[in-house]
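Structure first, commentary second.
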Amino acid sequence: MRFRKRHAELLYHCALSELKRDSDRAYFGMLWWVLDPLIYLATFYLIFEVILQRGGPGFVHFLLTGLVFWRWFDSSVRLSAFSIRRYNGIISQVYLPKMLLPLIIVTSNLMKFGLVLTLFTVFLLVSGYSPAESWLAIPVLLLTQLVLVVGASLLVAAVIPLVPDLMQLVNYGMTLMFFMSGIFFRVSSVDEPLRSVLYFNPMAGMLSAWREVLLSQAYPAWSQLAYVLACGLVLGALGSWLLNRFDLRYPRLVN
Amino acid sequence: MTTLLRFEGVGLRYTNDRRGSPWTLQDVSFDVQSGETLGIIGRNGAGKSSLLRLMSGLIAPDAGRIVRHTESILLLSIQLGFQSHLTGRENAMLSGILLGMRAAEVRAAMNDIIDFAELGDQIDDPVRTYSAGMRGRLGFAVACQARPEVLLIDEALSVGDRVFREKSRKYLLERLQSEQTAVVVSHDEKLIANECNRVIWLADGGIKACGAPEDVLEQYRR
């Protein structure tokens, strides 16, 4: 792969362009960055808290923490699947390292998530959660999930153009993961051996860690985090290997 | 004169193409010398654009090999990466970086770009408010700033009104007559005859003739 300093500049300017595209498209513009996740969260709140009356004390925070961090993973991976096709017009005219394309999507998504995370933190503070010592672990958790997000995005971006039919599988896989990551229930209170099976999914451990740190004022299970990190690294290594291997093949595939 | 690029028995095939021979290009060998202008002629579908894509390193050949002595080979593309929601200035930056420039270089050239494109203050308006002509002028002005070692040009790049077409044509001819190494694909026989040092005639995915422009053009016309 021919990766140059200018590619970092390209990453920045393309990600910025993606963000501006969002804000330009609709009448409400940038407001949608906030409205969209807000409506998403409100829908689940309505279903679980108001209609089903599930949960009990603290369930809203439990649910929202799961959803906020799940959504970051979910939207990055789904958008990355089409990242090479999205830049089809450009890669058929100039050479770009294809790895750059999912990274553009992940970067612009990261900026949007940053805004959501800020608002969510304000929500936690306003609703009575005070910063604890455990919050010092937040950067570690952010970095760990970022590695997982990047890894999964690279792999999906590499594979989908090669075998477009797999997109169905990715869609089902993401839905399955959504229900099995413990967004609505506590994975730690599930009986063995099912619990270990559920923790095989790195997002289950990731979401538990976020709740420990943000809500329970405790440090996360470091071994679980290490597993998430390892998953991210393996997926990322596989994805970048494929992207490099077929670097000059993609412009011929997506036409 | 040094060789910047050499094709050795290069072949390109599209496997999903079941009509006739799957080979778009077969056993193509030639080289590009520094400072020369190489012309490529041929009917539609002869493989000219595929040849340019191989030269610029977008795709890899399925047979033979391509030896590069430079990495700075650019297919001149107008309005590359243009986004209608961005301003002219933002698009110039994006397009410039895509064409191989550094952000600082594009910034330094910005006034020249605006002047050449004749955009004035409108450079800070979103491109979706531009006419097709304005868009083309900006695209051309940015592309002009790219300084690759080997410049690949596909067909006549005519944009804008008559006056701007004249201006851009004059600029391109100046580039071709300078030390710039260039490969030009064109149906314009006059341009090929006047500007090229050598011409390759491509037919049915192979080289039919190669040599001085007048000789090759004479065979081509027959």
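Everything numeric here is computed off the predicted structure, so don't read it as measured data. Numbers restart at 1 for each chain; the letters A, B, ... are given by sequence-line order, proteins then strands.
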Contact class of B/I59 relative to chain A, heavy atoms under 4.5 angstrom | both
Ring-face cation contact, A/Y40 with A/R71, 6.0 Å cut, 45° max | yes
Non-hydrogen side-chain atoms of A/I160 and A/V170 separated by less than 4.5 Å =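 Yes, side chains in contact.
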So B/Y171 and B/F140, would you call those rings parallel, tilted or perpendicular, with 30° and 60° as cut-offs?
->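 Geometry flag for B/F140 against B/Y171: perpendicular rings.
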Which class fits the ring pair A/F69 and A/W210: parallel under 30°, tilted 30 to 60°, perpendicular over 60°?
->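 Parallel.
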Any idea which of B/L74, B/L80, B/L75 has the most non-hydrogen atom pairs under 4.5 angstrom with chain A?
-> B/L80
Mind ranking B/L152, B/L52, B/L99, B/D62 by heavy-atom pairs under 4.5 Å with chain A and telling me who comes out on top?
->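 Ranked by heavy-atom pairs under 4.5 Å with chain A, first place is B/D62.
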Let me know if A/L16 has heavy atoms under 4.5 Å from chain B in its side chain, its backbone, both or neither.
->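 Neither part, no heavy atoms under 4.5 Å.
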